[in-house]
Amino acid sequence: MSNQYDADVIVIGSGALGSNAATILARSGKSVIILEAGEKIPRWKIVENFRNSSKKGNYNSPYPNDPWAHHSYDEQYIENTGPFDFRPGMLKLVGGTTWHWAAACWRYLPNDMKLKSLYGVGRDWPMEYSELEPYYQKAEEALGVCGSDTDDQSGQGGSAFPPRSKPYPMEPEGETYLFQRLKSRLSPAGYHFIHEPNGRATRTYDGRPACSGNNNCMPVCPIGAMYSGDKHAQHAEDAGAILMTDSTAWKLEKGTDDKIIAVHVRSSKGIDTRLTAKYFIVAAHGLETPKLLLISDIANSSDRVGRNLMDHTGMGLQFLADEPLWPGRGAVQQGGIFNNRDGDFRRHRAAIKHAISNNVPNMAVASRLIAQGVIGAELDKQIRHQAARWVDISTVFEILPQPTNTVRPSTTRKDALGIPMLTVHYEVDDYVKAAKSVVDADYKQFVSLMGGTVIEDNTGWQNRDHLMGTVIMGDNPKDSVVNHECRCWDHSNLFLATTGVIPASGVINPTLTGVALSIRAAEIIDREI
């Protein structure tokens, strides 16, 4: 490799994972370039876009959908070849998809990381929980997580778990009335309610104001109390990193020694640039990262790039309770029921998490009533009555890595830059289907205990926007893409900062884990340069 480089490190992607890695390296004095395919947009503009949008239920609607940087609700972006319509809500702009997440910041359990050893299914992580724990702490501090230090997050009703080296950076917010009432009526039946650790400020933190309960986390927090990746993109810039927008990485170039020597970048005007660095971090999301590797014909000696796609495929329940619960006050979700998070049952069926949705339900209620022909004063009366009693349960299932669940560059469709778009093949396996009867029984019990009237209890399989497995981590280069450091087996200077490395899905949102792994990778690179 040449002694002259454009940067010490090039980070491809400016979302929460890439920007946290870039911030660490830039603050350490390394020269860093961040490449972002999309635009840089101020928060006020996204809020205004949402207010003016006619598609309030489409959380991607307020965000750019450029011909060279599609968001994932664009029908052109993903072609599905399997029986499942796989369409998670990914964004392309500075800060990435955490602009419109619900900010859940869970840790995996030690048992989640030893699924094969303990239960004989799936895969183990190539590391112990204790090795990742210090980086969980750093990730929580970076994202400003509020949480309960007393909950048993395994859902077994015990003492505080999993182990922590320090308390959460911020105390949890107060329980919503909805959460209080459901907890009061369902807990006596043995359901364990767990507070959701959340990247939402409960006091001023890192320049963010305390949450004021706008209930607008999805599609955008109007005041920036909820963490989003643009925060660390700005931190990285402030520390000296160069942020290049409208810069789509379309090819990684390999040298004669198997190290990556350059990335080829294309702008919306069709201008190509070749950039060199000592190290490269691919921090595109779990679909775009494998696409880039496959187009570049790198990192795939194991034939695992783009395989093992996992997404916490889920189900949902909506019903009307027999008392006013007033959903829609506070954060869009605050926690849920974790009785089936861990146990010997995982030998035979998926783990389960029930989350309590707290979105304002007026639109869903009104649409249903209008479809029934309710109008005028009666419509207004019924919206008020039903919205106050609306209960929405969002369930996720543990997914096992299946090599046949794939993401590939399209062979027939290209974007405005001439770069292939995505083809996905995804199926729900028997391990998940074996857990459906448990969920059905829970749903029946929830409705009964709340004196409920069912609106929908058979939603079918649903997207959950948690992309894992596509550049899977392992301890053997023959069946994995990266090692425990998130370093590609095939290229010693190429690291992948994506939840796509996660080898065992559990039932918790993977973002905090992705940030923890990215911080760890950045520290490794910092020591080696």
Side-chain angles (χ1 to χ4, degrees), residues 47-59 61-62 100 102-103 173-187 189 191 193 195-196 198 200 211-223 225-226 314-337 354-395 442-459 462:
V47 174
E48 193 70 14
N49 289 347
F50 172 63
R51 287 173 175 161
N52 294 331
S53 173
S54 62
K55 303 175 181 178
K56 292 293 194 291
N58 180 343
Y59 294 145
S61 180
H100 73 7
E173 73 282 13
E175 289 186 354
T176 64
Y177 186 70
L178 167 72
F179 202 77
Q180 291 177 46
R181 293 304 301 149
L182 289 174
K183 189 175 179 180
S184 174
R185 294 182 64 174
L186 299 184
S187 292
Y191 290 110
F193 279 71
H195 175 268
E196 178 176 270
N198 210 282
R200 183 174 286 100
C211 174
S212 59
N214 282 288
N215 198 250
N216 213 53
C217 322
M218 300 171 73
V220 59
C221 176
I223 64 172
M226 183 182 75
M315 295 167 51
L317 166 70
Q318 294 85 40
F319 66 92
L320 299 177
D322 62 5
E323 65 167 297
L325 302 171
W326 305 112
R329 301 198 284 186
V332 296
Q333 59 188 44
Q334 190 170 50
I337 297 168
H354 298 301
I356 312 301
S357 298
N358 187 41
N359 303 74
V360 174
N362 297 42
M363 286 183 59
V365 171
S367 296
R368 175 174 172 268
L369 289 168
I370 291 169
Q372 293 173 348
V374 181
I375 59 174
E378 183 62 19
L379 175 62
D380 183 63
K381 176 184 175 182
Q382 286 299 319
I383 289 174
R384 293 171 183 271
H385 179 85
Q386 294 190 19
R389 292 159 174 78
W390 189 265
V391 180
D392 188 348
I393 308 292
S394 176
T395 299
D442 280 345
Y443 283 179
K444 185 176 181 180
Q445 182 83 324
F446 296 159
V447 173
S448 175
L449 291 169
M450 295 303 299
T453 302
V454 173
I455 303 299
E456 175 63 79
D457 63 356
N458 187 18
T459 60
Q462 299 175 320

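All residue numbers in this chain count up from 1 along the given sequence. If you're wondering where the values come from, they're calculated on a predicted model, not measured in any experiment. No hydrogens, no waters, no symmetry mates; every other heavy atom, side chains included, goes into these values.
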Between F50 and K56, is any pair of side-chain heavy atoms under 4.5 Å apart? yes

Please confirm whether the backbone N or O of P62 pairs with a side-chain atom of N49, one donor and one acceptor, at under 3.5 Å? yes

Consider only side-chain N and O atoms of S53 and S61, and report whether a donor and an acceptor are under 3.5 Å apart. yes

Residue set satisfying salt bridge (charged side-chain N to carboxylate O under 4.0 Å, His left out) with E175, at least two apart, ordered chain then number -> K183

Report all side-chain donor-acceptor pairs from residues 359-377 shorter than 3.5 Å, counting only partners two or more places apart or in another chain.
unit_1	atom_1	unit_2	atom_2	d
N359	ND2	Y59	OH	3.4
S367	OG	M363	O	2.9
R368	NH1	Q386	OE1	3.0

Verdict with supporting geometry, T395 and Y443, side chain to side chain contact (heavy atoms under 4.5 Å, CB included): CA-CA 10 Å; T395 299; Y443 283 179; 2.7 Å; yes

Looking at CG of N198 and CD of Q333, how far apart are the two atoms once the value is rounded to the nearest 0.5 Å? 7.0 Å

Decide yes or no on side chain to side chain contact (heavy atoms under 4.5 Å, CB included) for L186 and M450, but give the supporting numbers first. CA-CA 8 Å; L186 299 184; M450 295 303 299; 4.2 Å; yes

Can you find a pair of side-chain heavy atoms, one from F446 and one from I337, that are under 4.5 Å apart? yes

Sequence neighbours left out, cut at 3.5 Å: what donor-acceptor pairs do the side chains of residues 316-331 make with other protein atoms?
unit_1	atom_1	unit_2	atom_2	d
Q318	NE2	D392	OD1	3.2
D322	OD1	R185	NH1	2.7
D322	OD1	R185	NH2	3.4
D322	OD2	R185	NH2	3.2
E323	OE1	R181	NE	3.1
E323	OE2	R181	NE	3.3
E323	OE2	R181	NH2	3.0
E323	OE2	R185	NH1	2.8

Distance (rounded to the nearest 0.5 Å) between E173 CD and F179 CZ: 9.0 Å

Minimal heavy-atom distance between E196 and A102, with the atoms involved, is OE2-O, 4.3 Å

By side chain to side chain donor-acceptor pair (under 3.5 Å) - contacts of S187 (at least two apart): none

Are Q334 and I356 side-chain neighbours, meaning at least one heavy-atom pair lies under 4.5 Å? no

May I have all residue pairs that pass salt bridge (Lys or Arg N to Asp or Glu O under 4.0 Å) and include part of residues 371-385, sequence neighbours excluded? D380-R384

Verdict with reasoning, H354 to Y191, per ring-ring contact (aromatic ring centres under 6.0 Å, His included): CA-CA 10 Å; H354 298 301; Y191 290 110; 7.4 Å; no

Atom pair CE/OG of M315 and S394 - distance to nearest 0.5 Å: 11.0 Å

Any donor-acceptor pair under 3.5 Å from N215 side chain to N358 backbone: yes

Sequence-distant partners of K444, side-chain contact (heavy atoms from CB on, under 4.5 Å), two or more places apart: none

Could you pull out the closest heavy-atom pair between P219 and H100, with the gap in Å? O-CB, 2.9 Å

